[in-house]
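Here the structure comes first, spelled out in structure tokens, and everything after it is commentary.
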Amino acid sequence: MFKGSHISKDFARVYYVGGTGDILTFSKVDETWELEHNGWETVWSKTGSADGFIWPYFYHSQEGIVVFLLLIFVLIAVIVIGAALFMLISEYKNKGRK
């Protein structure tokens with residue numbers, strides 16, 4: 001699965017998620033995309049043998065940031081709803097004691 005990191009008219013740096021996490025750097029030469037010299041960098045692996053650390057990719061993509069913010073919103077909503085329900089239940093129990 002490819003995830004774009006930086007893409008322009010004649011340059012692309014993409015993050016590839018497979019068995020490892022790799023950053024591939026391409027340049028456009030004569031209308032053909034070519035992998036640059038030393039353009040393949042493994043940044044993480046399941047065995048922990050890679051130098052860089054870009055995992056989970058979730059935090060390094062625009063889509064991931066949106067999902068992350070959505071999860072924060074949902075967490076806040078659950079806390080607010082839980083607090084409101086707690087207050088309603090407490091008020092109901094207090095009315096029953098009067």
Problem - By side-chain contact (heavy atoms from CB on, under 4.5 Å) - contacts of D30 (at least two apart) - result: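 Not a single residue meets the side-chain contact (heavy atoms from CB on, under 4.5 Å) criterion with D30.
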Problem - Contacts of type side-chain contact (heavy atoms from CB on, under 4.5 Å), residue I72, not counting sequence neighbours - result: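 Partners of I72 by the side-chain contact (heavy atoms from CB on, under 4.5 Å) criterion, ordered by chain and then number, come out as F68, I76.
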Handout entry: Shortest non-hydrogen contact from L35 toward T25
Key =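 Scanning both residues, the minimum pair turns out to be CD1-O, 3.4 Å.
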Problem - Least distance between heavy atoms, K9 atom then K28 atom - result: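 Reported closest heavy-atom pair: O-CD, 3.6 Å.
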Problem - Under 4.5 Å side-chain linkage, directly or through intermediates, the cluster mates of L85 - result: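 Members besides L85, by chain and number: I81.
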Practice task
Mind checking side-chain hydrogen bond (donor to acceptor under 3.5 Å, both in side chains) for E34 and listing every partner two or more places apart, or none if nothing turns up?
Solution key: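 E34 satisfies side-chain hydrogen bond (donor to acceptor under 3.5 Å, both in side chains) with no residue once adjacent residues are dropped.
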Exercise for the section: Show your working on side chain to side chain contact (heavy atoms under 4.5 Å, CB included) between Y92 and N94 and close with a plain yes or no. Expected result: CA-CA 5 Å; Y92 177 76; N94 286 338; over 6 Å; no
Exercise for the section: Report the C-alpha distance between R13 and L24 in whole Å, list the side-chain angles of each, state the deciding distance to 0.1 Å, and finish with yes or no for side chain to side chain contact (heavy atoms under 4.5 Å, CB included). Expected result: CA-CA 6 Å; R13 183 177 161 106; L24 307 172; over 6 Å; no
Problem - From CG (D10) to CZ (F26), nearest 0.5 Å - result: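 It comes to 14.5 Å.
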Exercise for the section: Could you please spell out the steps behind the side chain to side chain contact (heavy atoms under 4.5 Å, CB included) verdict for F11 and E36? Expected result: CA-CA 10 Å; F11 176 83; E36 287 188 352; 3.9 Å; yes
